[in-house]
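The analysis underlying the following values was restricted to heavy atoms, covering all of them including side chains, and did not include hydrogens, waters or symmetry mates.
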Amino acid sequence: MFNQQYDVIVVGGGHAGAEAAAAAANLGSSTLLVTMNLQNIGQMSCNPAMGGIAKGQIVREIDALGGYSGIVSDKTAIQFKMLNRSKGPAMWSPRVQSDRMLFAAEWRLMLEQTPNLDFYQDMVSDLLFEGDRVAGVKTSLGIEIKSRSVVLTSGTFLNGLIHIGEKQFGGGRAGESASFGITERLSSLGFEHGRMKTGTPPRVDGRSLDYSKMVEQPGDINPSTFSYLDHTAPLKEQRSCHMTYTNLQVHDLLREGFDRSPMFNGRIKSIGPRYCPSVEDKINRFADKSRHQIFVEPEGWNTVEVYVNGFSTSLPEEIQFKALRAVEGFEAVKFFRPGYAIEYDYFPPTQLKHTLETKPIKGLFFAGQINGTTGYEEAASQGLMAGINAHQHTINADPFILSRDEAYIGVLIDDLITKGTEEPYRMFTSRAEYRTLLRQDNADSRLTPKAYALGLASEDRLRQMENQAAKSDGLLSFFKKTSILPADINPILTEKNSAPVNQSLKMSKVLSRPNITIDDFLSHDQVASFVADNEIDKTVLEQVEIQVKYAGYIAKEKLQADKLTQLEHVPIPENFDYVKVKSLSYEARQKLTQIKPVTIAQASRISGVSPSDLSVLLVYMGR
């Protein structure tokens with residue numbers, strides 16, 4: 001197998017690597033996945049969950065594009081929740097609690113059933129080049145494997161260093177060695193790199209916990225799924241999570257170890273995730289808070305191991321243990337393993353194109369935490385896009401790029417390569433200016449046609465999406481055209497404290513009222529008949545209600561997106577010399593030269609480029 005030249009080599013078998021390998025292979029590229037331990041493909045290194053705020057939208061988008069994350073999550077879920085139901089639909093975000101062991105096993109099973117995909121267990125210690133092109137990889141055993149493109153998805157393994165109190169040792173994850181050689185090689189080629197930090201909490205024995213002192217957190221009564229395909233089904237049985245809190249005694253006990261904390265004594269010099277801080281960081285930064293939430297999450301169906309979400313720490317293990325025993329419900333807790341922090345190398349993503357190909361080296365792609373992101377979902381989406389574009393590169397086809405108004409994935413990648421990041425990047429709904437368009441319920445209609453045109457989504461998937469869209473359009477048209485009599489609707493309006501009507505109104509007009517739901521119409525004979533005759537399910541009902549109630553917001557965002565698209569179509573030549581444009585500000589010349597935006601729209605999103613700078617550029621572009 002080493003005598004052939006692969007189309008794509010994927011380095012690393014985490015969430016980014018797994019999606020990259022699946023995408024490239026499914027598109028027809030001969031693909032090799034090289035990872036340090038084949039038993040840990042798709043490993044959930046931190047919390048046993050997929051989705052969440054904005055992250056759930058990303059998983060739905062991955063599924064709509066033909067990726068595997070949604071299917072794997074559904075098949076291995078132990079709980080499903082739709083978060084933010086109390087807010088508008090742009091904020092609704094699906095999340096599953098997963099069985100950690102089943103999750104990794106299902107990922108490996110799906111990859112092993114993927115044609116065109118080979119596997120090899122070894123550490124990649126160097127890259128091969130031919131001029132300014134990548135030509136393959138070299139492993140720690142000295143084996144050289146040639147390829148037309150390489151996708152690096154190294155996670156936290158590049159020069160990884162684990163911290164527990166004053167102890168530190170090399171590792172990419174607890175019990176696994178770090179990876180060496182790649183950072184040094186890329187640095188010698190002029191790549192800029194830095195260090196980031198993340199952490200994980202203790203894992204404990206669930207048999208030692210008193211759940212009666214905690215607040216139960218059950219799943220949804222009517223759970224859904226991530227995948228749009230009918231390969232998976234909603235859970236019929238679920239496991240509950242639980243919630244408890246730290247207290248002032250816990251905080252005092254944690255402070256006893258601050259002098260030995262690598263965060264506070266200078267051993268850790270890199271920046272950790274702002275939105276997932278360690279417990280010692282929380283009680284230090286928010287000293288006025290008397291308690292912090294802790295979510296007690298089971299690791300699977302048939303294990304007693306429990307993940308203590310909210311108690312990420314790198315304090316000495318005896319401090320961790322003593323403080324956790326002061327948490328209500330944890331008085332008799334037993335550890336499986338302590339929490340720890342890990343530092344690792346990353347490469348500022350401003351060195352990438354929108355395809356995730358590096359600017360200096362052709363055919364070399366970065367995906368996941370190597371780009372400064374945090375989270376399985378962000379990594380998986382980058383892996384998918386890098387795998388797609390590595391394939392496109394090998395066949396000299398047009399790159400596949402998603403814009404900010406098309407997908408959260410587009411927002412993620414554009415943020416990374418345009419703005420860069422100096423701390424682990426996490427996706428939020430607030431980062432997307434078109435979040436009403438980018439809802440979790442419509443990812444298939446947004447992206448599946450694109451994936452089908454690319455060759456990644458099957459015709460069955462496309463037909464299923466089109467069938468669902470036709471049902472949604474039909475029901476929406478029915479509500480817009482069909483009137484309802486006052487006698488039929490006034491009893492419901494009165495019950496909902498909504499003003500009664502004195503003449504017939506279109507159903508859509510009544511449904512647009514904030515306190516009226518589409519369920520209020522299901523007992524109406526005409527609606528019930530239409531729903532039954534057209535086999536309308538709850539997903540279609542939900543989509544139509546959203547489109548009616550938020551029609552004004554959706555139209556406004558579409559108009560704004562169209563205006564942005566006009567600027568996206570104003571290209572900037574690849575080797576444009578900003579230095580010669582003296583009317584640009586000094587900061588703009590510096591930032592534009594560094595990032596090399598490909599369109600005026602991308603230039604407009606660079607910090608330090610003002611509206612007057614854009615006007616100057618538009619003149620130079622002949623506009």
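- Of the inter-residue distances, the one linking R291 atom CZ with T244 atom OG1 reads 9.0 Å to the nearest 0.5 angstrom.
- Rounded to the nearest 0.5 angstrom, Y376 OH and K55 NZ are separated by 9.5 Å.
- Looking at S212 and D210, their side chains do bring a donor and an acceptor atom within 3.5 Å of each other.
- Put simply, the side chain of D220 gets close to the backbone of M82: a donor and an acceptor are under 3.5 Å apart.
- Taking the six-membered ring where the residue is Trp, the centroids of F103 and H15 are separated by under 6.0 Å.
- Counting non-hydrogen atoms of neighbouring residues, nucleotides and ligands closer than 6.0 angstrom, the CG atom of N515 exceeds 12 such neighbours.
- A side chain to side chain contact (heavy atoms under 4.5 Å, CB included) with W92 is found for exactly one of L83, I546, D441, I53, namely I546.
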N26 and H391: CA distance, side-chain angles, deciding distance, side chain to side chain contact (heavy atoms under 4.5 Å, CB included) verdict: CA-CA 10 Å; N26 282 325; H391 166 80; over 6 Å; no
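- Between Q382 and N371, the side chains place a donor N or O and an acceptor N or O closer than 3.5 Å (distance only, hydrogens not considered).
- Across T225 and P234, no two heavy atoms sit closer than the pair CG2-N, 3.5 Å.
- With respect to the salt-bridge test (charged N to carboxylate O, under 4.0 angstrom), the residues K556 and E433 do not qualify.
- Partners of E423 by side-chain hydrogen bond (donor to acceptor under 3.5 Å, both in side chains), not counting sequence neighbours, listed by chain and number: R274.
- A donor-acceptor pair under 3.5 Å links the side-chain atoms of D99 to the main chain of M101, judged by distance alone.
- Taking the ring axis of F80 as reference, the NZ or CZ atom of R95 does not stay both within 45° of it and closer than 6.0 Å to the ring centre.
- Atom CG of D562 is surrounded by more than 12 heavy atoms from other residues, nucleotides or ligands within 6.0 Å.
- Using a distance-only test at 3.5 Å, with no hydrogens or angles considered, no donor-acceptor pair links the side chain of N467 to the main chain of R463.
- Using modelled atom types and a 3.5 Å distance limit, the side chains of T374 and Y275 yield no donor-acceptor pair.
- Side-chain polar atoms of Q526 and S529 form no donor-acceptor pair below 3.5 angstrom.
- The shortest distance between side-chain heavy atoms of Q238 and I78 does not fall below 4.5 Å.
- Of all non-hydrogen atoms in A90 and Y408, the two that sit nearest each other are O-OH, 4.2 Å.
- Taking the six-membered ring for Trp and thresholds of 30 and 60 degrees, H242 and Y211 have ring planes inclined between 30 and 60 degrees apart.
- Remark: E568 does not engage R404 in a salt bridge, criterion side-chain N to carboxylate O under 4.0 Å.
- By the salt bridge (charged side-chain N to carboxylate O under 4.0 Å, His left out) test, D488 pairs with no residue at all, sequence neighbours left out.
- Judged purely by atom type and a 3.5 angstrom limit, D537 uses its side chain to pair as donor or acceptor with the backbone of V540.
- With I401 as reference, T355 is the one residue of T355, I413, I409, V598 to meet the side chain to side chain contact (heavy atoms under 4.5 Å, CB included) rule.
- Side-chain N/O atoms of D414 and T418 include a donor and acceptor closer than 3.5 Å.
- Partners of R446 by salt bridge (charged side-chain N to carboxylate O under 4.0 Å, His left out), not counting sequence neighbours, listed by chain and number: E61.
- With hydrogens and angles disregarded, no donor-acceptor distance shorter than 3.5 Å links the side chain of R285 to the backbone of K282.
- P298 and V296 make their closest contact through CD-O, 3.8 Å (heavy atoms, listed as atom of the first residue, atom of the second, distance).
- Within the 4.5 Å cutoff, the side chain of T599 has no heavy atoms near those of the L567 side chain.
- Closest heavy-atom contact between Y68 and I62: N-CG2, 4.3 Å.
- Partners of E535 by salt bridge (charged side-chain N to carboxylate O under 4.0 Å, His left out), not counting sequence neighbours: none found.
- Within 6.0 Å of the OH atom in Y245, the count of heavy atoms belonging to other residues, nucleotides or ligands exceeds 12.
- Interatomic distance, CG of D74 versus CG of L235, reported as 8.0 Å (0.5 Å rounding).
- Y228 contributes a side-chain N or O that, together with a main-chain N or O of A443, makes up a donor-acceptor pair within less than 3.5 Å.
- Looking only at distances, a side-chain donor or acceptor of S512 sits under 3.5 Å from a matching main-chain atom of K509.
- With contacts defined as side-chain heavy-atom distances shorter than 4.5 Å, the pair L475/N534 does not qualify.
- Residues Q543 and S445 are not in side-chain contact: their nearest non-hydrogen atoms beyond the backbone lie 4.5 Å or more apart.
- With a 4.5 Å cut-off on side-chain heavy atoms, S472 and Q547 count as touching.
- F479 and F521 have perpendicular rings, their planes meeting at more than 60° on a 0 to 90° scale where under 30° would count as parallel.
- With hydrogens and angles left out, the side-chain atoms of S98 and E299 include no donor and acceptor closer than 3.5 Å.
- The side-chain heavy atoms of N490 and L485, taken from C-beta on, include no pair separated by under 4.5 Å.
- Of the N and O atoms on the side chains of S227 and D63, at least one donor lies less than 3.5 Å from an acceptor on the other residue.
- For the atom pair NZ of K538 and CD of E545, the computed distance is 13.5 Å after rounding to the nearest 0.5 Å.
- With respect to the salt-bridge test (charged N to carboxylate O, under 4.0 angstrom), the residues D230 and R461 do not qualify.
- If you take CG on N47 and OH on Y307, they are separated by 4.5 Å, rounding to the nearest 0.5 Å.
- A pairwise comparison of heavy atoms in C46 and P201 identifies SG-CD, 4.5 Å as the closest pair.
- Looking at residues two or more places apart in sequence or on another chain, you find a salt bridge (charged side-chain N to carboxylate O under 4.0 Å, His left out) between R85 and E542.
- Remark: side-chain polar atoms of S498 are not paired, donor with acceptor, to backbone N or O of T494 under 3.5 angstrom.
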Chi angles and distances behind the side chain to side chain contact (heavy atoms under 4.5 Å, CB included) call for F478, V531: CA-CA 10 Å; F478 173 82; V531 168; over 6 Å; no
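- K81 pairs by the side-chain hydrogen bond (donor to acceptor under 3.5 Å, both in side chains) definition with nothing, not counting sequence neighbours.
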T246/I294 under side chain to side chain contact (heavy atoms under 4.5 Å, CB included): CA gap, chis, key distance, verdict: CA-CA 7 Å; T246 63; I294 291 178; 3.6 Å; yes
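- For the 3.5 Å distance criterion, the side chains of Q440 and R60 qualify, holding a donor opposite an acceptor.
- In the model, T517 has no side-chain atom that pairs as donor or acceptor with a side-chain atom of D519 under 3.5 Å.
- Of the inter-residue distances, the one linking L511 atom CG with M507 atom CE reads 10.0 Å to the nearest 0.5 angstrom.
- Of the N and O atoms on the side chains of Q57 and S93, at least one donor lies less than 3.5 Å from an acceptor on the other residue.
- Between T565 and H569, some side-chain heavy-atom pair lies under the 4.5 Å cut-off.
- Under the 3.5 Å distance criterion, with hydrogens and angles disregarded, no donor-acceptor pair is assigned to the side chains of E106 and T76.
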